[in-house]
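This report refers to the structure that appears directly beneath it.
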Amino acid sequence: MPQQPPSTLQAAALDLAAHGLPVLPLSRGKRPFGNCTACTGNACGGRPNIKHAGACHCPHVCHAWAAATTDPHVLTSRPWQAAWQRAAHLAYNPAGAGLTVVDLDHADAVAWARATLPATRAVPTTRGEHWIYRGAMRSVNGVRDGVDIKSTMAYARWLGPGTGTMTALPDVVRALAVKEPAAVRRGPLAVTVPAQGGECRHRTPVFLERGIAMAEQRITEARSAIHATTYRTFLAVLSAHGRCGCLTDAHVARLFAAAQTKGESARHCTEAWNNARTALGM
Ligand SMILES: [Zn+2]
Ligand SMILES: [Zn+2]
C-alpha cells in the first residue's frame, strides 16, 4: 500500500472518527508511537480503559491502542498534529467501534477462513486479509498459524473499507480465544468453591453465562434511559462477578458491544464501567 502524505492521513482519521471509529496514527514501522517522557513505563498511571481506571490525561499519542479516539479536538490538537506529520499509517481500535478483526496473515490463513468462518466484510492486506465482524471480544494473537484476533485493547491498521457485508461475530471466532487447558483443569474444582474471600460460587460456567446473557438482554431491550440502564447493568454484573475473577475481557466486550448497538459511545461505556467499579470500591 503506498504511503499517504500526513494531511491525507489526518483527513482520513477525522472521517473515520466521525463514523465512530476510534483512530490513532502509526509510525513507518506500522507501530504506535512510543510514550512521551511523562508516560514512560506507565508512570502516569496509564490511559483509562475497560480493565483499569487509569489517571493519564496526556495530550500526546501515548499508550498505543489506548490513545485511539474519535474526538476531533484531540485528533487536530497540536501534539497529535505533530504525530500526523511523522505518521505513515492509520490504525483503529476495533472494539471501540464494536468490531472484531480476524487478521489473516497469509494465503493459507485466508484459505482456512474461507473454509471455516462465516463470510463477512474483507479488506485486503499486504499478504492476507482482515475479516471484520460486528461484535467485540477479547483480543488474542496467534490463535492459529497466521491468525490474530484484534478487538478489545488492540489496534488494527486501516486499509480501506473492504468489500462484502459485515456479519455478526460468530461463536466459531469467539471459541478461538478460549484457553482450553486452563478452563478444563479448573472446571471440576470450581463448583465446590465457597462464595467468600474472592472466590465465587457462580464459577460454574452456565451461571456466569446466564448472568452475562441477561445483562446483554437488559441493555438491548432498554427503550429509554440507555445511559442509566448501561450503568445499572454494569453495576449489577460487577457486584456479582467483579471480585471473583470470573469476568473475562470477552464478557466485558459483550456488554460494551450490547451498549454500543444502543448508541452508547465506547467512551461512555468505559466511563460507566469505571464509575461502577468506583461505586463498588474496586
Ligand atoms: Zn504521554
Ligand atoms: Zn500516560
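As the structure lists them, so they are numbered: ligands from 1, and atoms in each ligand from 1. This is a predicted model, so every value here is computed, not measured. Worth knowing before you read on, the calculation uses all heavy atoms, side chains too, and leaves out hydrogens, waters and symmetry mates.
Coordination check, Cys58 versus the Zn ion (ligand 1): passed, since an N/O/S atom of the residue sits under 2.8 Å. Checking His63 against the Zn ion (ligand 1), every N/O/S atom stays at or beyond the 2.8 Å cut-off. For the Zn ion (ligand 2), the N/O/S atoms of Cys44 include one lying under 2.8 Å. Residue contact annotation: His60 places no N/O/S atom under 2.8 Å from the Zn ion (ligand 2). At a threshold of 2.8 Å, the Zn ion (ligand 1) has a backbone or side-chain N, O or S atom of Cys62 nearer than that distance.
Counting all heavy atoms, side chain and backbone alike, Ala17 lies closest to Val23 at CB-CG2, 4.3 Å.
Taking the six-membered ring where the residue is Trp, Phe234 and Trp273 present perpendicular rings, their angle passing 60° and hence far from 30°.
Interatomic distance, Trp112 CH2 to Arg144 CZ, rounded to the nearest 0.5 Å: 5.5 Å. Separation of atoms CZ (Arg134) and OG1 (Thr167) is listed at 7.0 Å; rounding is to 0.5 Å.
Rounded to 10°, the angle formed at the Zn ion (ligand 1) by Cys39 SG and Cys36 SG is 110°.
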- Message: Let's go through Asn42 and His63 carefully: what are the C-alpha distance in whole Å and the side-chain angles of both, what is the deciding distance for side chain to side chain donor-acceptor pair (under 3.5 Å) to 0.1 Å, and is it a yes or a no?
- Response: CA-CA 8 Å; Asn42 267 10; His63 305 293; 3.2 Å; yes
